[in-house]
Amino acid sequence: LEVFEQVLKAVPDAELYTYGVGGLHQATADLVIKKGLSESVKINGYTSDIASVHQQACCAVLCSNQEGHPLSAIEAMAFGTPLVSFATKYGPRDILAGQPAGLLVDAGDKDALAAALIRLLQDSELQTQLQRGAKACAQRYSSSCIAQAWQQWLQASYGLPVLNEE
């Protein structure tokens, strides 16, 4: 919320939507009310209509201090939703490495995260470019690409024959 408050100063009509459930859900909703951000920040629970959410989003934001390999980031990109994230080890930094699919900022740098969000919100050409890149980036994690990588590894490691792709 701290970052989004900075975003609102530059882009007053920006909106932040969160989805999910968990131990921080109510505390976050209470903080939104306390900070007077209810008009701009919407705390939502679980949704089964993730496609609709991404069709309306200009980006997905990961602002955690650590990530493994976040499936939510790959799902977002599969819908053409670019990622704006801290460059945390093993997660977003690795997913976006060399890919025009989002914006990375130094881990923990809240001012840089706000600046990246503002840049994306104010630059429709950049949004379009990153949306295209997001879809291409996510394709690397499709079942067919993963299966092909495994097949290549097995062939290289054990001399197994190439399977027909029929």
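Everything numeric here is computed off the predicted structure, so don't read it as measured data. Starting from 1, each residue takes its place in the sequence as its number.
In this structure, CD on Gln131 lies 8.0 Å from CG on Leu120, to the nearest 0.5 angstrom. Annotation: the span from Gln66 atom CD to Phe86 atom CZ amounts to 13.0 Å, rounded to 0.5 Å. Leu96 CG to Leu104 CG: the interatomic distance, rounded to the nearest 0.5 Å, is 4.5 Å. Note that CD of Gln148 and OG of Ser142 are 9.0 Å apart. Values are rounded to the nearest 0.5 Å. In this structure, CD in Gln99 is found 8.0 Å from CE in Met77, a value given to the nearest 0.5 Å. Atom CD1 of Ile33 sits about 11.0 Å away from atom OG1 of Thr28, to the nearest 0.5 Å.
Taking a cutoff of 4.0 Å between a charged side-chain nitrogen and a carboxylate oxygen, Glu15 and Lys42 do not qualify as a salt bridge.
Taking hydrophobic clusters as Ile, Leu, Val, Met, Phe, Trp and Tyr residues chained together by side-chain heavy-atom distances below 4.5 Å, Leu103 shares a cluster with Leu117. Criterion: ILVMFWY side-chain heavy atoms under 4.5 Å apart, direct or through other members. Under it, Leu37 and Tyr17 are not part of a common hydrophobic cluster. Linking Ile, Leu, Val, Met, Phe, Trp and Tyr residues whenever their side-chain heavy atoms come within less than 4.5 Å places Leu8 and Val84 in a single cluster. Leu130 and Val7 fall within the same hydrophobic cluster, where Ile, Leu, Val, Met, Phe, Trp and Tyr residues are linked whenever their side-chain heavy atoms come under 4.5 Å apart, directly or through other members. Note on Leu113 and Leu126: same hydrophobic cluster, where clusters join Ile, Leu, Val, Met, Phe, Trp and Tyr whose side-chain heavy atoms are under 4.5 Å apart, directly or indirectly.
The shortest side-chain heavy-atom distance between Pro92 and Leu83 falls under the 4.5 Å cut-off. Contact of the Pro70 side chain with the Ile95 side chain is registered, since non-hydrogen atoms from C-beta on lie closer than 4.5 Å. Looking only at side-chain heavy atoms (C-beta outward), Ser85 and Val61 stay at 4.5 Å or farther from each other. Contact check for Phe4 versus Val41: side-chain heavy atoms found under the 4.5 Å cut-off.
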Checklist entry - Step by step, would you call Tyr19 with His25 a ring pair (Phe, Tyr, Trp, His ring centres under 6.0 Å)? => result CA-CA 9 Å; Tyr19 291 88; His25 183 86; over 10 Å; no
Item to check | Check against side-chain hydrogen bond (donor to acceptor under 3.5 Å, both in side chains), Glu67 and Ser64 | outcome: CA-CA 7 Å; Glu67 286 287 345; Ser64 51; 2.4 Å; yes
Next on the checklist: What verdict does the side-chain hydrogen bond (donor to acceptor under 3.5 Å, both in side chains) test give for Gln127 and Asp123, after you've listed the backbone C-alpha separation in whole Å, the side-chain angles of each residue and the deciding distance to 0.1 Å?
Outcome noted: CA-CA 6 Å; Gln127 280 183 30; Asp123 187 341; over 6 Å; no
Next on the checklist: Could you go through Lys110 and Cys63, starting from their C-alpha distance and side-chain angles, then the distance that decides it, and tell me whether this counts as side chain to side chain contact (heavy atoms under 4.5 Å, CB included)?
Outcome noted: CA-CA 9 Å; Lys110 294 177 184 178; Cys63 54; over 6 Å; no
Next on the checklist: Evaluate Gln122 against Val11 for side chain to side chain contact (heavy atoms under 4.5 Å, CB included), listing each step before the verdict.
Outcome noted: CA-CA 8 Å; Gln122 292 179 334; Val11 187; 3.7 Å; yes
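Relative orientation of the Trp150 and Trp153 rings is perpendicular, given thresholds of 30° and 60° on the angle between their planes. Relative ring orientation between Phe79 and His54 is described as parallel, the plane-to-plane angle staying below 30° on a 0-90° scale split at 30° and 60°.
For Asp49, the CG atom is densely surrounded, since the number of other residues' heavy atoms within 6.0 Å is greater than 12. Atom CD of Glu2 sits in a sparse spot, with 12 or fewer heavy atoms from other residues, nucleotides or ligands closer than 6.0 Å. Around the CZ atom of Arg140, the shell of radius 6.0 Å holds more than 12 heavy atoms that belong to other residues, nucleotides or ligands. In the displayed structure, Leu24 atom CG is contacted under 6.0 Å by at most 12 heavy atoms of other residues, nucleotides or ligands.
Here the closest heavy-atom approach between residue Ala116 and residue Val105 is recorded as CB-CG1, 3.9 Å. When all heavy atoms of Ile118 and Ala10 are compared, the closest pair comes out as CD1-CB, 3.6 Å.
Inspection of the Ser72 and Glu75 side chains reveals no N or O donor paired with an N or O acceptor under 3.5 Å. The closest side-chain donor-acceptor pair between Ser52 and Gln56 falls under 3.5 angstrom.
In this structure, the side chain of Asp106 does not engage the main chain of Asp109 through any donor-acceptor pair within 3.5 Å.
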